[in-house]
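In what follows, chains carry the letters A, B, and so on, assigned in the order in which the sequence lines appear, proteins first and then strands, with residues in each chain numbered from 1.
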Amino acid sequence: MSEESNPTQRTYEHLILSCIHQSSLVDAQWVHRHLHENGFDQDPFLATKLINMYSSLDLIDDARKVFDKTRKRTIYIMTTLVDMYAKFGCVAYASAVFNQMAVKNVVSWSAMIACYAKNGKAFEALKLFREMMLKTEEDVGPNSVTMVSVLQACAALAALEQGKLIHGYILRNGLDTILPVISALVTMYARCGKLEVAQQVFDGMDKRDVVSWNSLISGFGAHGHGKKAIDIFKDMISCGISPSPVSFVSLLGACSHAGLVDEGRALFQAMRKEYGIIPSVEHYASMVDLLGRANKLEEAAKFIDDMRIEPGPKVWGSLLGSSRIHCNVEFAERASTKLFQLEPANAGNYVLLADTYAEAGKWDEVKRVKKLLESRGLQKVPGRSWIEVKRQIHSFVSTDEFNPQIEQLHALLCELSSEMKEKGYVPQIKVVLYDLGEEEKERIVLGHSEKLALAFGLINTSNAEPIRITKNLRLCEDCHSFTKFISKFARKEILVRDVNRFHHFRDGVCSCGDYW
DNA sequence: GTAGGGTTAG
């Protein structure tokens with residue numbers, strides 16, 4: 001009673017925490033008002049909590065107002081704000097706050113690096129990390145938390161050499177016993193194409209939790225080793241580790257990449273029945289992807305109709321992606337109608353629909369969708385590929401005229417193309433979804449960013465060294481076929497990570513078995 | 001006493 005009439009900081013803290021827990025806006029506003037009336041809103045400790053409260057209610061403007069009104073801005077409040085902007089994807093705001101900080105410690109640096117790493121700004125994450133390494137202040141030296149975000153950035157870029165340097169730093173500083181660090185290392189090596197090393201790091205762990213296992217499962221899955229991923233899952237179970245919802249997303253993804261439809265269906269059932277895990281939108285989306293890729297679009301659509309929860313954009317996006325692969329106009333239209341309502345600003349959905357129409361020869365419809373895209377002020381994301389050579393990442397886009405080596409690369413590709421054609425390579429010009437002549441189409445496919453990166457790799461790597469390329473979109477059929485030929489006739493091992501999975505080309509064959 | 005981190009994914 002005395003506490004209520006004379007509320008203390010601790011009481012307010014608990015009230016705020018309970019608002020977060022119940023996610024109640026009305027209570028949150030009441031607590032804030034009460035706190036203000038009693039002169040507690042200048043308390044930096046409580047201001048931090050208030051920002052967390054509004055942030056948990058998705059009210060970032062209200063959170064910002066709390067910050068703006070707080071006169072004493074501790075090095076804690078500002079980091080909380082950086083983190084809040086990071087979680088809402090407002091990278092520019094996060095960095096503005098970070099730059100305003102007079103004193104930065106390891107936590108604030110780590111928060112900003114994590115912000116970049118989580119929001120698709122891996123280059124910026126690595127750049128900030130390098131800047132941090134140059135600081136001599138105490139309490140600015142990177143620790144295990146920093147390492148995790150830096151490893152994520154290396155994984156995103158497939159920056160193997162950078163990642164190895166970080167691994168060395170981790171070993172020298174005794175951070176190699178910390179579970180999150182090792183899991184991030186396993187993921188980094190797997191996503192850089194070094195599955196054997198990922199396995200070695202995993203094998204070297206003396207303690208493993210479900211996340212460590214999930215890292216390995218998803219790694220094998222992305223490389224197309226579906227059966228192996230299932231075996232790893234079984235090993236995990238026999239080690240007495242309970243699977244998490246993420247374990248099943250990874251497993252279903254592994255089945256999808258390998259075309260293991262029956263195994264995927266069985267796992268989806270077992271998830272609920274044997275492990276008591278209620279399927280979430282991600283699981284449904286993975287199942288739709290598994291069925292759709294296997295050209296079981298009717299079953300995928302029925303699966304959506306039977307869902308016990310509302311199908312979100314991920315689920316419809318999976319159906320649209322599969323419809324695009326199999327050029328099924330009916331299902332592409334059904335999925336995109338939903339998607340244009342659910343996420344009108346996602347340019348990728350318009351592109352997938354337009355591409356489906358184009359492949360079906362419905363050029364009027366293609367024009368209609370492209371106009372719709374433009375009228376909403378959206379743009380197609382350009383295809384981009386990159387390759388790491390001598391610790392340096394080189395990035396390519398097909399329209400890049402400023403690259404100093406571009407003429408040399410084009411010349412090499414032309415030469416290779418004619419040679420390959422004599423050996424049976426047929427350019428898959430149908431992937432060019434514009435109403436153009438054959439020669440023009442052939443010129444376009446030869447300029448795809450992945451081929452530019454490949455040519456760059458052929459020039460700049462030694463014979464024994466495999467070429468490792470990363471790309472932001474799905475690998476096109478022509479690049480796939482071209483790369484298979486090159487791997488045989490240039491006797492070169494080539495590893496391509498596209499947006500979904502790995503393709504390992506060796507002696508004219510790809511590890512995906514042409515199923516991707 | 002308050003702040004940062006691992007596994008999915010298209």
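- Of the candidates B:dT7, B:dG1, B:dG4, B:dT7 carries the atom nearest the A:Val246 side chain, counting heavy atoms from C-beta on.
- Counting non-hydrogen atoms under 4.0 angstrom, A:Lys104 reaches nothing in the nucleic acid.
- Side-chain atoms of A:Ser218 and A:Ser250 include no donor-acceptor pair closer than 3.5 Å.
- Remark: aromatic rings of A:Phe40 and A:His34 are distant, center separation not under 6.0 Å.
- Across all strands, A:Thr48 comes closer than 4.0 Å to base atoms (heavy-atom distances).
- At a cut-off of 3.5 angstrom, counting only N and O atoms as typed in the model, there is no donor on one side facing an acceptor on the other between the side-chain of A:Ser215 and the base of B:dG6.
- Side chains of A:Thr80 and A:Thr48: no donor on one and acceptor on the other come within 3.5 Å.
- Note on A:Ser247: nothing from the nucleic acid sits closer than 4.0 angstrom, heavy atoms only.
- Between the base of B:dG5 and the side chain of A:Gln152 there is no donor-acceptor pair shorter than 3.5 Å.
- Note on A:Lys72: every side-chain N or O is 4.0 Å or more away from OP1 and OP2 of B:dT2.
- Looking at residues 287-297 of chain A, you'll see that no heavy atom sits under 4.0 Å from any atom of DNA chain B.
- For DNA chain B, no neighbouring residue in residues 219-245 of chain A is found when judged by any heavy atom under 4.0 Å.
- For an aromatic pair to be called close, the ring centres must be under 6.0 Å apart, and A:His223 with A:His504 fails this.
- With B:dG10, B:dT8, B:dG5 as the choices, the nucleotide that has an atom nearest any side-chain atom of A:Val249 turns out to be B:dT8.
- Both the sub-6.0 Å distance and the 45° axial angle are satisfied by A:Lys104 relative to the ring of A:Phe98.
- For the residue pair A:Asn214/A:Ser244, the side-chain donor-acceptor check at 3.5 Å is satisfied.
- Candidate nucleotides B:dG6, B:dT8, B:dT2 were compared by shortest atom distance to the side chain of A:Ser218, and B:dT8 ranks first.
- Side chains of A:Ser55 and A:Asn52: a donor-acceptor N/O pair is absent below 3.5 angstrom, by distance only.
- Within 4.0 Å of A:Gly253, counting heavy atoms only, lie sugar-phosphate atoms of the nucleic acid but no base atom.
- Here B:dT7 presents its C1' atom at 13 Å from CD of A:Glu282, a figure rounded to the nearest Å.
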Output, in order, the C-alpha distance, side-chain angles, deciding distance and verdict of side chain to side chain contact (heavy atoms under 4.5 Å, CB included) for A:Met287 and A:Arg265. CA-CA 8 Å; A:Met287 274 305 286; A:Arg265 283 199 200 99; 4.1 Å; yes
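- A sub-4.0 Å separation between OP1 or OP2 of B:dG5 and a side-chain N or O of A:Ser110 is absent.
- Between A:Ile113 atom CD1 and B:dG5 atom P the separation is 12 Å, expressed in whole Å.
- With centres under 5.5 Å and a plane angle under 30° as the test, the ring of A:Phe45 is not stacked against the base of B:dT2.
- Remark: aromatic rings of A:Trp213 and A:Phe233 are distant, center separation not under 6.0 Å.
- A:Ser286 and A:Asp289 share no donor-acceptor pair across their side chains, judged by distance under 3.5 Å alone.
- You'll find a donor-acceptor pair under 3.5 Å spanning the side chain of A:Asn105 and the base of B:dA3, going by distance alone.
- Side-chain proximity of A:Val211 to the nucleotides B:dT7, B:dG5, B:dA3 is greatest for B:dT7.
- Between B:dG5, B:dA3, B:dG6, one nucleotide has an atom nearer to the side chain of A:Ala114 than all others, and that is B:dG5.
- When rounded to the nearest whole Å, the span between CH2 of A:Trp109 and C1' of B:dG4 equals 14 Å.
- Rounded to a whole Å, the CD1 atom of A:Ile77 is 11 Å from the C1' atom of B:dA3.
- In this structure, A:Val106 reaches the bases: a heavy-atom distance under 4.0 Å links it to at least one base atom across the strands shown.
- Annotation: cation-pi pair A:Arg208/A:Phe202 present, NZ/CZ under 6.0 Å from the ring centroid and within 45° of its normal.
- For the segment residues 167-186 of chain A, residues with any heavy atom less than 4.0 angstrom from an atom of DNA chain B are, sorted by number, A:Ile178, A:Leu179, A:Pro180, A:Ser183.
- Between A:His257 and A:Trp516, the distance from one ring center to the other does not fall under 6.0 angstrom.
- A straight line from CG of A:Leu473 to P of B:dG10 spans 13 Å, rounded to a whole angstrom.
- Contact annotation: A:Asn52 side-chain N/O to B:dA3 OP1/OP2 distance is under 4.0 Å.
- Partner of A:Phe268 under the ring-ring contact (aromatic ring centres under 6.0 Å, His included) criterion, out of A:Tyr284, A:Phe248, A:Tyr275: A:Tyr284 alone.
- Following rounding to the nearest Å, A:Ile75 (CD1) and B:dG4 (P) show an atom-to-atom distance of 13 Å.
- Here B:dA3 presents its C1' atom at 15 Å from CE of A:Met112, a figure rounded to the nearest Å.
- Side-chain contact annotation: A:Ser95 with A:Glu124, donor-acceptor N/O pair under 3.5 Å absent.
- Applying the 3.5 Å distance criterion, the base of B:dG5 shares no donor-acceptor pair with the side chain of A:Asn143.
- Rounded to whole Å, atom P of B:dA9 lies 12 Å from atom CD1 of A:Ile217.
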